[in-house]
Participant: 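My structure is below; once you've seen it, I'll send some questions.
When a residue number appears, it is its place in the shown sequence, counting from 1.
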Amino acid sequence: MPFGGGNKCGVCQKAVYFAEEMQCDGKSFHKSCFLCTVCKKNLDSTTVAVHGDEIFCKACYGKKHGPKGYGYGQGAGTLSMDRGEGLGIKLEEQGEHRPTTNPNPSKFAQKVGGSEVCPRCSKAVYAAEKVVGAGQAWHKSCFRCAKCGKGLESTTLADKDGEIYCKGGCRKTVRAFW
């Protein structure tokens with residue numbers, strides 16, 4: 001313990017007295033020094049993340065040291081366009097996306113709906129995007145009235161010759177064909 005009765009602060013290296021002490025990872029900090037290294041937000045025991053000798057809020061830690069790619073670091077339901085340049089992260093150039101040309105999909109892909117085809121766009125419909133209506137599997141984005149484009153539900157549609165229409169207005173105008 002240094003002269004004066006307190007431990008040294010992990011940030012400013014000055015004495016930390018009991019009344020103003022925050023402890024983290026075996027180190028002492030002044031309450032005013034217990035800030036995120038990047039964004040300078042105040043931290044507490046539930047929001048701190050440690051990497052080496054640095055302390056971060058969980059969001060900055062995730063951006064700088066967490067896994068990279070879609071869906072990581074921001075929690076459910078948010079999309080951040082921040083690429084981390086302010087944190088010193090350098091982006092790698094990515095090559096052009098090329099979809100697989102494997103003519104023999106796995107049995108797993110077939111089980112989750114890879115073999116079902118959307119009648120509107122003729123592309124595969126997978127379980128996460130599947131809506132059933134008129135006896136067929138549709139993409140959520142394709143499950144719309146063929147005449148007006150209004151989004152449909154299984155209870156608000158009428159079908160004719162493999163196409164789906166609004167039960168109300170568009171069905172009446174298409175009725176002449178039925």
Participant: Can you give the donor-acceptor pairs under 3.5 Å from side chains of residues 117-125 to other protein atoms, not counting sequence neighbours?
Facilitator:
| unit_1 | atom_1 | unit_2 | atom_2 | d |
| --- | --- | --- | --- | --- |
| R120 | NH1 | C142 | O | 3.1 |
| R120 | NH1 | R144 | O | 3.1 |
| R120 | NH2 | R144 | O | 3.1 |
| R120 | NH2 | E163 | OE1 | 2.5 |

Participant: If you apply the rule side chain to side chain contact (heavy atoms under 4.5 Å, CB included), what do you find for K130 with W138, and how did you get there?
Facilitator: CA-CA 6 Å; K130 181 178 175 180; W138 303 74; over 6 Å; no
Participant: Return the minimal non-hydrogen interatomic distance between E116 and A137, and the atom names on each side.
Facilitator: OE2-CB, 3.4 Å
Participant: Could you please spell out the steps behind the side chain to side chain contact (heavy atoms under 4.5 Å, CB included) verdict for I164 and F143?
Facilitator: CA-CA 8 Å; I164 53 176; F143 199 63; 3.7 Å; yes
Participant: Excluding sequence neighbours, so at least two apart, what forms side chain to side chain contact (heavy atoms under 4.5 Å, CB included) with L35?
Facilitator: N42
Participant: K150: which residues meet the side chain to side chain contact (heavy atoms under 4.5 Å, CB included) condition with it, sequence neighbours left out?
Facilitator: C148, C166
Participant: Centre-to-centre under 6.0 Å for H139 and Y126, is that the case here?
Facilitator: no
Participant: Taking the side chain as every heavy atom from C-beta outward, state whether H65 and F56 have any pair of such atoms under 4.5 Å apart.
Facilitator: yes
Participant: Is V48 isolated, or which residues cluster with it under the ILVMFWY side-chain rule of less than 4.5 Å, directly or via members?
Facilitator: V11, M22, F29, F34, L43, V50, I55
Participant: Sequence neighbours left out, what passes side chain to side chain donor-acceptor pair (under 3.5 Å) with T47? Give chain and number order.
Facilitator: D44
Participant: For a quick test of reading the model, state the closest non-hydrogen atom pair linking C57 to C36 and the distance between them.
Facilitator: N-SG, 3.3 Å
Participant: My understanding is that only residues two or more places apart in sequence, or in another chain, count here; which of them pass side chain to side chain contact (heavy atoms under 4.5 Å, CB included) with K140?
Facilitator: V131
Participant: Got a sec, which residues hit side chain to side chain contact (heavy atoms under 4.5 Å, CB included) with Q13, two or more places apart in sequence or on another chain?
Facilitator: K8
Participant: Under the side chain to side chain donor-acceptor pair (under 3.5 Å) rule, collect the residues that match up with S28, sequence neighbours excluded.
Facilitator: N7, E21
Participant: Just to verify, what does K27 make a salt bridge (charged side-chain N to carboxylate O under 4.0 Å, His left out) with, not counting sequence neighbours?
Facilitator: D53
Participant: Return the OH to CG distance between Y165 and L157, rounded to the nearest 0.5 Å.
Facilitator: 12.0 Å
Participant: How long is the gap from NZ on K40 to SG on C60, to the nearest 0.5 Å?
Facilitator: 10.0 Å
Participant: Rounded to the nearest 0.5 Å, what separates atom NZ in K31 from atom SG in C9?
Facilitator: 13.5 Å
